[in-house]
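Comments concern the structure below.
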Amino acid sequence: MSFIQLKNIRKLFNRTDKPAVNHLNLSIKQGEIITLLGPSGCGKTTILRMIAGFERPTAGSIQIDDDIVYSKNRFVPPEKRGVGMVFQDYALFPHLTIEKNIAFGLNKWRRSEKKARVAEVLELVGLTDYAKRYPNELSGGQQQRVSLARALAPKPNVVLMDEPFSNLDAGLREKMRHDIADILKKANTTAIIVTHDQKDAFAVSDKVVVMNEGIIQQVAHPRDIYRCPTNCFVAEFVGKTNLLQGVVAEDLKHIDTNIGRVCLAEKTDQANNLKVAN
Ligand SMILES: Nc1ncnc2c1ncn2[C@@H]1O[C@H](COP(=O)(O)OP(=O)(O)OP(=O)(O)O)[C@@H](O)[C@H]1O
Ligand SMILES: [Mg+2]
């Protein structure tokens, strides 16, 4: 059963513009890590903002954990959706220690429970020894983990992360991809991560959603996105690809191209006459 479901979502910022998001249908299971992958302006941030409740869809509905949080007749405000956000610039409070930053979203918790939860998430992100430090005394990667710990502390239904790796240099970025995926899996949290970098998407996700111009192009496991891209856009976007135009043979297992017959890794079910060879 789907834990998060987006149905027929459409978002128009201005009536005259092209929709920022269109025909969006997406189901996410509990505990799944999904990445939204696509070029600048394709609607990734807009989708996150609609799930969080910062933006209202023009049409469609959004369900989170059995609750319709948005439909034509219903709007659940952001603070009641059980959504944790990790911002690109971490947005930590500079005047608060790490433990106080993490405790920030727990103001309604009892004191002893709050203390225990802060200790628990600090351990989860491997920063127990840094509890009393201030954000400017941490590295970029450590601040990133604090920001994730703060989002996880109230036990949200879902964690949303917009370009979480973009402020990190290449080496740290690679490490953080694995650290973040690890932490999210340990916490058994459902997460939606936005990125325009296919390496991020492939390293962290159970499922990749490739988008272009507000429309989903393909939703699949990273391996399947790479091996069986559904169209030329996906093929070109996710890797170094040679595109060959050809005609699908009758057996649906070969393509006749102008450099000869190409054998497909899998039988195609596509009736069109364009297929991609990686
Ligand atoms: N508040 C707004 N008012 C008008 N148009 C907007 C607004 N926010 C976003 N858009 C438009 O909606 C489209 C999708 O924007 P969005 O920010 O979701 O893209 P993105 O995929 O996150 O891009 P990037 O990778 O550059 O962050 C763009 O054409 C953008 O100009
Ligand atoms: Mg964006």
Side-chain angles (χ1 to χ4, degrees), residues 5-13 16-29 32-48 50 58-60 162-163 165-166 170 173-174 177 181 192-278:
Q5 194 148 38
L6 308 178
K7 275 195 196 155
N8 279 320
I9 298 285
R10 184 176 160 88
K11 175 69 186 177
L12 281 161
F13 283 103
T16 48
D17 283 356
K18 252 173 65 179
V21 175
N22 211 354
H23 309 298
L24 185 93
N25 287 289
L26 186 61
S27 292
I28 303 170
K29 293 195 203 111
E32 245 180 350
I33 303 177
I34 299 282
T35 44
L36 302 179
L37 174 68
S40 182
C42 75
K44 304 178 298 289
T45 297
T46 305
I47 296 172
L48 277 202
M50 290 190 288
T58 310
D162 198 352
E163 301 279 0
F165 310 108
S166 60
R173 191 174 177 123
E174 200 167 325
R177 282 185 195 127
I192 306 176
I193 301 174
V194 159
T195 180
H196 55 262
D197 183 326
Q198 59 125 326
K199 283 197 199 132
D200 292 345
F202 282 23
V204 300
S205 25
D206 297 313
K207 250 195 231 158
V208 179
V209 178
V210 185
M211 309 252 333
N212 189 29
E213 297 187 348
I215 295 178
I216 291 183
Q217 306 293 308
Q218 187 168 9
V219 182
H221 184 278
R223 184 191 54 235
D224 296 331
I225 297 265
Y226 191 74
R227 289 187 50 199
C228 302
T230 196
N231 58 31
C232 291
F233 173 82
V234 178
E236 284 182 304
F237 194 75
V238 298
K240 291 195 176 70
T241 310
N242 297 312
L243 291 178
L244 285 176
Q245 194 155 4
V247 177
V248 179
E250 268 180 22
D251 64 3
L252 302 180
K253 290 183 191 161
H254 296 86
I255 308 277
D256 290 316
T257 74
N258 56 11
I259 60 159
R261 183 163 264 220
V262 177
C263 182
L264 294 173
E266 284 163 35
K267 197 171 168 178
T268 180
D269 58 358
Q270 298 205 353
N272 62 18
N273 64 359
L274 190 71
K275 193 68 193 169
V276 175
N278 277 318

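Under the side-chain contact (heavy atoms from CB on, under 4.5 Å) rule, L24 has a single partner from R10, K7, M211, which is M211. The only member of N231, N212, T230 that meets side-chain hydrogen bond (donor to acceptor under 3.5 Å, both in side chains) when paired with Q217 is N231. Just one of I9, L12, N22 meets the side-chain contact (heavy atoms from CB on, under 4.5 Å) condition when paired with T58; it is L12.
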- Apply side-chain contact (heavy atoms from CB on, under 4.5 Å) to the pair T257 and V247, showing each step before the final yes or no. CA-CA 7 Å; T257 74; V247 177; over 6 Å; no

- Passes side-chain contact (heavy atoms from CB on, under 4.5 Å), E163 versus T195? Steps please. CA-CA 5 Å; E163 301 279 0; T195 180; 4.1 Å; yes

- Message: What verdict does the side-chain contact (heavy atoms from CB on, under 4.5 Å) test give for K18 and E213, after you've listed the backbone C-alpha separation in whole Å, the side-chain angles of each residue and the deciding distance to 0.1 Å?
- Response: CA-CA 9 Å; K18 252 173 65 179; E213 297 187 348; 3.2 Å; yes

- Report the C-alpha distance between R177 and D197 in whole Å, list the side-chain angles of each, state the deciding distance to 0.1 Å, and finish with yes or no for side-chain contact (heavy atoms from CB on, under 4.5 Å). CA-CA 11 Å; R177 282 185 195 127; D197 183 326; 4.0 Å; yes

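The distance from atom CD1 of I192 to atom CG of L36, rounded to the nearest 0.5 Å, is 6.5 Å. If you take CE on M50 and NZ on K11, they are separated by 7.0 Å, rounding to the nearest 0.5 Å. Atom CD1 of I216 is separated from atom SG of C42 by 10.5 Å, given to the nearest 0.5 angstrom. Atom CZ of F237 and atom SG of C232 lie 15.0 Å apart (nearest 0.5 Å). Within the model, atoms CG of L26 and CD1 of I28 stand 4.5 Å from one another, a figure rounded to the nearest 0.5 Å.
Side-chain atoms of S205 do not come within 3.5 Å of backbone N or O of V208 as any donor-acceptor pair. In this structure, D206 contributes its side chain and I33 its backbone to a donor-acceptor pair below 3.5 Å. Without hydrogens or angle criteria, E236 side chain to F233 main chain gives no donor-acceptor distance under 3.5 Å. Checking side-chain atoms of D251 against main-chain N and O of H254 turns up a donor-acceptor pair under 3.5 Å. Formation of a donor-acceptor pair under 3.5 Å by the K44 side chain with backbone atoms of P39 is found in this model. Side-chain atoms of T35 never come within 3.5 Å of backbone atoms of L37 as a donor-acceptor pair (strictly under, hydrogens ignored).
Counted within 6.0 Å of CD on E174, heavy atoms from surrounding residues, nucleotides or ligands total 12 or fewer; the atom is thus considered open.
A heavy-atom distance below 4.5 Å is found between the side chains of Q218 and I225. Taking 4.5 Å as the limit, some side-chain heavy atom of I34 sits within range of a side-chain heavy atom of V209.
Between I215 and H23 the shortest heavy-atom distance is CD1-CD2, 4.4 Å.
For the pair K199 and F202, the cation-pi test (distance below 6.0 Å, angle within 45°) is failed.
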